[in-house]
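By convention in this document, chain letters (A, B, ...) are assigned in the order of the sequence lines, proteins followed by strands, and residues within each chain are numbered from 1. For clarity, every value in this text was computed on a predicted model and none was experimentally measured.
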Protein chains: 2
Amino acid sequence: MKNYETEDKILDAATEIFQAKGLDGARMQEIAQKASINKAMLHYYYRGKEKLFQAVFKRTIQMIIPKMVQIISSDKPLFDKIRQFTDQYVSFILEHPYIPLFVINELEKHPDIIHSIIQTNINNGVREKLNKQINEMIQKGEIKPINPEQLFLNVLSMSIFPIMAQTSLRTILQKDKNEYRQLLEERKTFIADFIISAIKK
Amino acid sequence: MKNYETEDKILDAATEIFQAKGLDGARMQEIAQKASINKAMLHYYYRGKEKLFQAVFKRTIQMIIPKMVQIISSDKPLFDKIRQFTDQYVSFILEHPYIPLFVINELEKHPDIIHSIIQTNINNGVREKLNKQINEMIQKGEIKPINPEQLFLNVLSMSIFPIMAQTSLRTILQKDKNEYRQLLEERKTFIADFIISAIKK
DNA sequence: AAACGATTTAACCAAACGGTTAAACTGTAT
DNA sequence: ATACAGTTTAACCGTTTGGTTAAATCGTTT
């Protein structure tokens with residue numbers, strides 16, 4: 001019988017190490033230690049570093065993408081969606097602050113290793129539905145004309161960047177952890193107000 | 001006499017490799033090959049991988065921070081500054097798209113190695129001057145009340161994130177390189193319009 | 001309790017890594 | 001021409017790395 005406890009312990013430990021140090025910086029020995037098992041077990045269950053990394057990356061993507069899709073594809077009015085996204089998504093990422101930098105960086109540095117995973121998790125319909133909703137509001141004259149994709153990039157940028165670039169931005173703004181955390185908490189509502197103020201007629 | 005040609009060739013090659021692969025992913029042998037020199041020369045001129053990396057990081061920071069400070073600390077009106085920043089800075093980063101992810105990621109993963117460099121390049125007066133300018137406009141009633149730091153985070157986020165997360169965002173938006181590049185070009189003016197529209201009374 | 005497959009361990013391995021060394025080479029001053 | 005410091009090279013070194021192996025242990029079935 002497969003020992004799922006061990007398999008999960010490994011995946012949890014690998015997730016921690018890979019997200020903190022990246023594929024190149026992570027050491028199999030360190031993952032084994034964190035999981036309190038012998039190094040050979042990593043290969044027994046996951047057949048090597050690359051495969052283990054793929055398992056971690058896949059699981060990480062499945063944490064972060066469905067959450068995004070779920071909010072975007074609800075039937076709420078646009079302004080509600082924006083408020084919900086910038087509140088819920090910022091909250092979610094604040095609980096997993098390593099994830100965005102991990103995903104973006106590894107995707108940039110090892111597209112070959114990751115590419116098989118990524119295509120599975122992209123949903124076409126969601127984007128089109130959102131675009132339609134935005135374009136209808138423009139036609140009704142409820143918001144200013146705007147490229148829906150640019151709006152999407154803005155929402156995502158303002159939600160994610162200040163969290164993933166935390167260390168750099170804290171240095172630039174010369175804030176300690178608590179002060180900066182306070183700024184980020186404020187953003188949960190601030191971003192939505194800012195965006196709505198920008199597009200409302 | 002020191003051979004500055006060799007020293008520069010090494011630094012250029014190291015910059016390319018480190019920015020593309022990070023400290024952990026970079027190999028001394030590969031840097032030597034790219035510089036067309038013997039591996040021992042890297043140690044002769046830069047006394048090891050860590051020191052070479054520090055030289056690269058320092059030079060990179062000095063490319064990207066003064067550019068930012070220069071725009072922010074000019075005597076132009078706020079709206080001009082915003083337009084200038086989102087135009088010039090996005091243009092600049094589009095020419096060096098590796099830099100933001102490199103800086104943010106290495107700062108996150110190796111703060112110890114970098115910390116000696118970073119503090120030298122931070123300027124206090126600039127931020128205070130910008131805050132003052134924004135607060136004065138609020139008091140005159142020319143823009144809506146806003147936390148200057150949040151505004152700064154928004155400008156930075158919208159300018160940098162879509163470029164540094166290019167690979168991820170292209171996957172989500174399902175755009176090829178040219179289509180996405182077009183989106184980014186549009187942003188040079190779009191971001192400023194968006195921000196000004198958000199804060200103007 | 002014997003037998004069997006699944007799980008776990010300790011010891012080991014070859015390759016890759018950052019780094020070192022000693023000798024060779026280069027240009028310049030005397 | 002010689003001496004000399006600065007530069008460059010090829011060969012080498014010890015360690016760390018991801019990965020393997022064979023034997024030991026565990027748990028279940030009979």
For this session: Just jot down the side-chain contact (heavy atoms from CB on, under 4.5 Å) partners of Gln182(B), sequence neighbours excluded, or say none.
Result: Glu186(B)
Seminar exercise, completed: Between CD of Glu5(A) and C1' of dT8(C) the distance, given in whole Å, is 14 Å
Problem set entry | side-chain hydrogen bond (donor to acceptor under 3.5 Å, both in side chains) partners of Asp193(A), counting only residues at least two apart | Arg83(A)
Problem set entry | Set of residues satisfying ring pair (Phe, Tyr, Trp, His ring centres under 6.0 Å) with respect to His43(A), sequence neighbours excluded | none
Exercise. Could you state the CG-C1' distance from Leu42(B) to dA10(D), rounded to the nearest angstrom?
Worked result: 15 Å
Problem set entry | Which residues share a ring pair (Phe, Tyr, Trp, His ring centres under 6.0 Å) with Phe79(A), sequence neighbours left out | none
Exercise. Asn38(A) or Tyr44(A): which one's nearest nucleotide on DNA chain C is closer to the 5' end?
Worked result: Tyr44(A)
Problem set entry | Atom-to-atom span, CD1 of Ile31(A) to C1' of dG19(D) - whole angstrom | 14 Å
Seminar exercise, completed: From CD1 of Ile37(A) across to P of dG19(D) the rounded distance in Å is 14 Å
Exercise. Expressed in angstrom and rounded to an integer, what is the separation of Tyr46(A) atom OH from dG19(D) atom P?
Worked result: 15 Å
Exercise. What's the CZ-P distance between Arg47(B) and dT20(C), to the nearest Å?
Worked result: 11 Å
Problem set entry | Pair listing, side chain to side chain donor-acceptor pair (under 3.5 Å) test, anchored in residues 153-166 of chain B, at least two apart | Arg187(A)-Asn154(B)
Exercise. Between Phe53(B) and Phe102(B), how do the two ring planes meet: parallel, tilted or perpendicular, split at 30° and 60°?
Worked result: perpendicular
Problem set entry | For atom CG of Leu52(A) and atom C1' of dG19(D), their distance in whole Å | 13 Å
Every protein N/O lying under 3.5 Å from an N/O of nucleotides 14-18 of chain C:
residue: dC17(C); atom: OP1; partner: Arg27(B); partner atom: NE; Å: 3.1
residue: dG18(C); atom: OP1; partner: Ala26(B); partner atom: O; Å: 3.4
residue: dG18(C); atom: OP1; partner: Arg27(B); partner atom: NH1; Å: 3.4
residue: dG18(C); atom: OP1; partner: Lys49(B); partner atom: NZ; Å: 3.1
residue: dG18(C); atom: OP2; partner: Met28(B); partner atom: N; Å: 3.2
residue: dG18(C); atom: N7; partner: Lys39(B); partner atom: NZ; Å: 3.4

For this session: Find the distance Lys51(A):NZ to dG18(D):P and express it as a whole number of Å.
Result: 16 Å
